[in-house]
Number of protein chains: 2
Amino acid sequence: MMYIEIDFSSDEAIYQQLCNQIIQGIAMSRLVDGEVLPSVRQMAEDIGINMHTVNKAYTVLKQEGFVKVDRRRGAVVSVHADKEKALDQIRRDMRAVLAEARCRNLSREDVHRLVDEIYASFAEADAGTGTDTDLPG
Amino acid sequence: MMYIEIDFSSDEAIYQQLCNQIIQGIAMSRLVDGEVLPSVRQMAEDIGINMHTVNKAYTVLKQEGFVKVDRRRGAVVSVHADKEKALDQIRRDMRAVLAEARCRNLSREDVHRLVDEIYASFAEADAGTGTDTDLPG
DNA sequence: CACCTGTTATACAAATCATATAACAGGTGG
DNA sequence: CCACCTGTTATATGATTTGTATAACAGGTG
């Protein structure tokens, strides 16, 4: 199972951090389609938080289509989302980030480099798994 | 003054929406360095929200270096932020957005196109102002 | 039938969000 | 000096969110 690390001093909600880390885990192929996440009780015990906080994270992930629930197994990674459906949300979020970036005098090229850097870091952990990526070199 | 539009049914906090729209206004050069924002009381009345909600937004913008306060004039747009100081936050936010994008099967090239599209939209309103941009064509 | 899943119902404390009324400190202009 | 404008602060209140806690329920497995 992948490492989950929660920053309890962060202003970001615990369930939100958990969601983000799982999504990033999927992006890095540390979590692959069909993989079973730890049960809400197990995950809660591992991290040292309440069961309901984990459940809330799973519920959000389910609503956003990152996991599906199999009653016999539990929460299963399931990435069958199409581009178009989620694009609106991504566009909104991206717009906010880019507005800040532009105010900080980051050029379009700077952002491209940052995107490449992060996408590369996603694929790094993915190197030996045989998964195909969109990466150059 | 630029248009501010609040979505009261949104799950995003009002002061947060206000911050984002002002930052996007700066990114689009609808708000330029030295420009005076409406007073907290005026802005609150215009939008139909409480003075303190506006004040909270201004306080956040001040802490993040987007405005400075001139006691005689009020909140003044002031973008003197260096790249490096704010880069960590941008990198974190960008990483979260890109993780979701990659899970939605957006390729690196797709993201580049999205970035170009948004950056272009920033510069559009900026077209007749003589401000130099990083845009191609 | 025990045992594992997610899920739901309550309840509770703490924090956040938005509102409201009121006052204070500093700068401007009549 | 005095109204008048700024941001700012102090309190208070109500709604919502967050996280925790105990407990129970429904469905699938062995």
Side-chain angles (χ1 to χ4, degrees), chain A residues 1 4-23 31 33-79 96, chain B residues 1-2 4-23 31 33-78 96:
Chain A
M1 177 44 201
I4 298 288
E5 208 158 319
I6 301 297
D7 178 6
F8 291 99
S9 68
S10 170
D11 58 331
E12 199 177 12
I14 294 177
Y15 82 93
Q16 193 59 261
Q17 292 184 52
L18 188 50
C19 281
N20 283 341
Q21 291 202 30
I22 289 174
I23 292 174
L31 295 172
D33 198 290
E35 190 167 345
V36 181
L37 292 176
S39 74
V40 288
R41 293 170 176 82
Q42 185 63 51
M43 175 77 88
E45 191 181 349
D46 289 351
I47 304 180
I49 60 177
N50 192 274
M51 181 193 69
H52 293 89
T53 307
V54 178
N55 189 253
K56 180 163 187 177
Y58 281 16
T59 301
V60 171
L61 290 172
K62 192 176 65 177
Q63 286 171 341
E64 294 182 351
F66 290 106
V67 306
K68 288 194 169 164
V69 168
D70 187 331
R71 208 78 202 238
R72 36 205 176 161
R73 302 164 70 199
V76 183
V77 175
S78 163
V79 187
Chain B
M1 177 44 201
M2 65 173 291
I4 298 288
E5 208 157 319
I6 300 298
D7 177 7
F8 292 98
S9 69
S10 171
D11 58 332
E12 197 177 14
I14 295 177
Y15 83 93
Q16 192 60 261
Q17 291 185 52
L18 188 49
C19 282
N20 283 339
Q21 291 203 30
I22 289 174
I23 292 174
L31 295 173
D33 198 290
E35 190 166 346
V36 181
L37 293 176
S39 74
V40 289
R41 292 170 177 83
Q42 185 63 52
M43 175 79 87
E45 190 181 350
D46 289 351
I47 304 180
I49 60 176
N50 191 274
M51 180 193 68
H52 293 89
T53 307
V54 178
N55 189 253
K56 181 163 187 177
Y58 280 16
T59 300
V60 171
L61 290 172
K62 192 176 67 178
Q63 286 171 342
E64 294 182 352
F66 290 106
V67 305
K68 288 193 169 166
V69 168
D70 187 331
R71 209 78 202 236
R72 38 206 175 160
R73 304 165 68 199
V76 183
V77 175
S78 162

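Proteins come first, then strands; the chains are lettered A, B, ... in the order of their sequence lines, and each starts at number 1.
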Q: I need the minimum non-hydrogen distance between I6(A) and Q21(A), along with the two atoms involved.
A: N-NE2, 4.4 Å

Q: Quick one: side-chain hydrogen bond (donor to acceptor under 3.5 Å, both in side chains) partners of E45(B), sequence neighbours excluded?
A: none

Q: Of all residues at least two apart in sequence or in a different chain, which pass the side-chain hydrogen bond (donor to acceptor under 3.5 Å, both in side chains) check with D70(A)?
A: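 So D70(A) forms a side-chain hydrogen bond (donor to acceptor under 3.5 Å, both in side chains) with R72(A).
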
Q: Wobble G-U and Watson-Crick pairs count when both distances are under 3.5 Å; given that, what is the 5' to 3' dot-bracket string of DNA chain D, with | for pairing to other strands?
A: ||||||||||||||||||||||||||||||

Q: With sequence neighbours excluded, what pairs up with S10(B) under the side-chain contact (heavy atoms from CB on, under 4.5 Å) test?
A: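 S10(B) satisfies side-chain contact (heavy atoms from CB on, under 4.5 Å) with D7(B), E12(B), Q17(B) only.
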
Q: Excluding sequence neighbours, so at least two apart, what forms side-chain contact (heavy atoms from CB on, under 4.5 Å) with V60(A)?
A: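 Counting only residues at least two positions away or on another chain, V60(A) forms a side-chain contact (heavy atoms from CB on, under 4.5 Å) with Y15(A), C19(A), E64(A).
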
Q: Let me know the distance between CD of E12(A) and C1' of dG19(D), rounded to the nearest Å.
A: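 Roughly 15 Å, once rounded to whole Å.
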
Q: In Å, rounded to the nearest 0.5 Å, how long is the span from CD1 of I49(A) to CG of L18(A)?
A: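 Here the interatomic distance stands at 6.0 Å.
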
Q: Base, sugar-phosphate alone, or nothing: which one does K68(A) contact when heavy atoms must sit under 4.0 Å apart?
A: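 Touches nothing.
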
Q: On DNA chain C, reading 5' to 3', which nucleotide is the first and which the last to sit with an atom under 4.0 Å from a heavy atom of chain A, could you check?
A: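 The contact span of chain A on DNA chain C goes from dT5(C) to dA9(C).
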
Q: For Q16(A), give me all partners under side-chain hydrogen bond (donor to acceptor under 3.5 Å, both in side chains), at least two apart in sequence or on another chain.
A: none

Q: Dump the pairs, protein N or O against N or O of nucleotides 14-18 of chain D, anything under 3.5 Å, distances to one decimal.
A:
{"residue": "dT18(D)", "atom": "OP1", "partner": "Y15(A)", "partner atom": "OH", "Å": "3.2"}
{"residue": "dT18(D)", "atom": "OP2", "partner": "K56(A)", "partner atom": "NZ", "Å": "2.7"}

Q: Mapping G48(A) and M51(A) onto DNA chain D by nearest heavy atom, which one lands closer to the 5' end?
A: G48(A)

Q: Residues in side-chain hydrogen bond (donor to acceptor under 3.5 Å, both in side chains) with D33(A), at least two apart?
A: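 Counting only residues at least two positions away or on another chain, D33(A) forms no side-chain hydrogen bond (donor to acceptor under 3.5 Å, both in side chains).
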
Q: So, taking the atom named CD1 in I23(A) and the one named CZ in F66(A), what distance separates them when rounded to the nearest 0.5 Å?
A: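 If I round to the nearest 0.5 Å, the distance is 4.0 Å.
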
Q: Side chain to side chain donor-acceptor pair (under 3.5 Å): which pairs involve residues 52-61 of chain B, sequence neighbours left out?
A: N50(B)-H52(B)

Q: If I take atom CG in residue L18(A) and atom P in nucleotide dG19(D), what distance separates them, rounded to the nearest angstrom?
A: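 In whole Å, dG19(D) P and L18(A) CG are 10 Å from each other.
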
Q: For R41(A) and dT22(D), give me the distance from atom CZ to atom C1', rounded to whole Å.
A: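 In whole Å, dT22(D) C1' and R41(A) CZ are 12 Å from each other.
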
Q: Enumerate the protein-to-nucleotides 28-30 of chain D contacts in which both atoms are nitrogen or oxygen and the separation is below 3.5 Å.
A:
none

Q: Quick one: side-chain contact (heavy atoms from CB on, under 4.5 Å) partners of V67(A), sequence neighbours excluded?
A: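 Residues passing side-chain contact (heavy atoms from CB on, under 4.5 Å) with V67(A): L37(A), L61(A), K62(A).
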
Q: Closest heavy-atom contact between M51(B) and V40(B)?
A: CG-CG2, 3.8 Å

Q: Check whether any side-chain heavy atom of D46(B) lies under 4.5 Å from a side-chain heavy atom of I4(B), and answer yes or no.
A: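 They are not in side-chain contact.
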
